[in-house]
Each structure stands twice: as structure tokens, then as C-alpha cells.
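Let me begin by presenting the structure, written as C-alpha cells, before commenting on it.
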Amino acid sequence: MKSKVQFRLRIYRDDSIAIGPGKVQLLEAIAETGSISAAARRLGMSYRRAWLLVDEMNRALGSPAVNTAAGGAHGGGTALTTVGQKILQHYRAIESTARTAAAADIAALTRLLAP
């Protein structure tokens with residue numbers, strides 16, 4: 001069995017996760033699809049769950065990460081704000097920096113795993 005290395009960075013505000021891997025993945029899917037419902041389908045979660053994650057994140061931040069527009073004759077839409085875009089940029093940069101900085105230790109730990 002092949003090992004998989006994952007960094008699980010979470011930033012808390014009080015007792016809730018303000019920014020974490022699931023929320024970052026949801027932000028990326030929203031950016032790609034322009035829709036919370038389409039992003040939820042892509043990630044295999046319910047619209048309600050996706051909406052609750054977006055709402056929790058938006059309430060934890062000084063400014064929202066996601067803006068939504070209600071549906072209508074031309075449909076609604078969802079887009080990342082500048083804050084949402086910065087979250088993706090910084091989160092992925094932290095992952096990359098950590099992966100590079102920890103490469104030797106990750107390799108050493110991986111060698112300790114059973115074949």
C-alpha cells in the first residue's frame with residue numbers, strides 16, 4: 001500500500017474552524033463553477049452542508065470570502081471576493097512551503113512505514 005502525505009492546516013476562530021482544507025477545497029470549487037450548488041455536487045456534499053461551511057467561514061472573517069447573488073431570470077451566481085482569493089493563495093503557499101521545508105523529515109517518516 002502506498003503512503004500519502006497530507007498537511008492539514010486549520011486556522012480557528014474561537015471554537016470553529018475559520019479556514020481549513022475542506023473550506024479551501026470548497027472555495028476552489030466555487031471559483032471554478034461559479035455556484036455553491038455546483039461546487040457541492042463536485043465535492044459530493046449536500047448544498048446545505050456547503051452553504052453552512054460558506055456561512056461559517058464568512059462569519060469568522062473580517063470580510064466575506066464569498067459573495068452570492070440570488071437566482072432570477074438570469075440565474076444567480078457565486079464568486080470569491082478578494083478575501084476568498086487571498087485565502088486560496090496564502091493557504092496553498094503555506095502548504096507548498098511546509099512540504100518543501102519538511103521533505104527530508106517526511107521521507108524519514110515514510111521509510112518507517114510498513115511495506
Side-chain angles (χ1 to χ4, degrees):
M1 179 173 275
K2 189 171 166 121
S3 64
K4 182 178 179 183
V5 176
Q6 283 186 311
F7 290 97
R8 306 300 287 183
L9 172 66
R10 290 178 176 86
I11 299 173
Y12 288 81
R13 181 175 180 263
D14 299 325
D15 290 334
S16 68
I17 299 170
I19 301 167
K23 289 178 179 163
V24 166
Q25 206 174 21
L26 180 57
L27 286 178
E28 288 172 332
I30 289 169
E32 292 169 8
T33 64
S35 161
I36 292 174
S37 59
R41 281 191 300 275
R42 179 178 282 186
L43 297 175
M45 70 174 69
S46 70
Y47 172 80
R48 177 170 168 68
R49 176 72 178 141
W51 174 253
L52 289 173
L53 290 172
V54 167
D55 185 55
E56 181 179 44
M57 186 173 15
N58 280 345
R59 284 185 287 110
L61 298 166
S63 297
V66 175
N67 276 335
T68 59
H74 296 45
T78 304
L80 299 189
T81 63
T82 301
V83 169
Q85 293 167 359
K86 285 182 181 180
I87 288 169
L88 293 182
Q89 174 191 350
H90 293 301
Y91 191 91
R92 294 306 184 203
I94 289 168
E95 283 184 324
S96 178
T97 300
R99 196 178 303 100
T100 300
D105 289 317
I106 290 169
L109 288 174
T110 303
R111 287 191 296 273
L112 297 175
L113 298 175

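Numbers for residues simply follow the sequence, beginning at 1.
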*Taking K23 for its side chain and I17 for its backbone only, find out whether a donor-acceptor pair lies under 3.5 Å.*
yes
*Report the distance from atom CD of Q25 to atom CG of L53, rounding to the nearest 0.5 Å.*
11.0 Å
*So if you build clusters from Ile, Leu, Val, Met, Phe, Trp, Tyr with side-chain heavy-atom gaps below 4.5 Å, do I106 and L109 land together?*
no
*Rounded distance (nearest 0.5 Å) linking atom OG of S37 with atom CD1 of I30*: 10.0 Å
*Please say whether more than 12 non-hydrogen atoms of neighbouring residues, nucleotides or ligands are located less than 6.0 Å from CZ in R8.*
yes
*Contact check, side chains of R13 and R59, non-hydrogen atoms, under 4.5 Å*: no
_Using 0.5 Å steps for rounding, measure from the CD1 atom of I19 to the CG atom of L61._
5.5 Å
_Residue pair R42 / A29: nearest heavy atoms and the distance that separates them_ = CD-CB, 4.3 Å
*asked:* Minimum heavy-atom separation for A50 and I36, please, with both atom names.
replied: CB-CG2, 3.8 Å
_Close side-chain approach of L27 and V54, heavy atoms under 4.5 Å_ = no
*Between atom CE of M57 and atom CG of L52, what is the distance when rounded to the nearest 0.5 Å?*
11.5 Å
*Could you tell me which non-hydrogen atom of S46 sits nearest to which non-hydrogen atom of A40, and how far apart they are?*
O-CB, 3.7 Å
*Check whether any side-chain N or O of Y47 sits under 3.5 Å from a backbone N or O of R41 as a donor-acceptor pair, and report yes or no.*
no
*Could you go through the side-chain hydrogen bond (donor to acceptor under 3.5 Å, both in side chains) check for S35 and T33 one step at a time?*
CA-CA 5 Å; S35 161; T33 64; 5.0 Å; no
_Contact check, side chains of Y12 and R10, non-hydrogen atoms, under 4.5 Å_ = yes
*Mark yes or no for whether T81, through its side chain, and V83, through its backbone, hold a donor-acceptor pair below 3.5 Å.*
yes
*According to the salt bridge (Lys or Arg N to Asp or Glu O under 4.0 Å) rule, which pairs have a member within residues 85-108, sequence neighbours left out?*
E28-R92, R92-E95
_Does N67 form a side-chain contact (heavy atoms from CB on, under 4.5 Å) with T78? I'd like the steps, not just the answer._
CA-CA 6 Å; N67 276 335; T78 304; over 6 Å; no
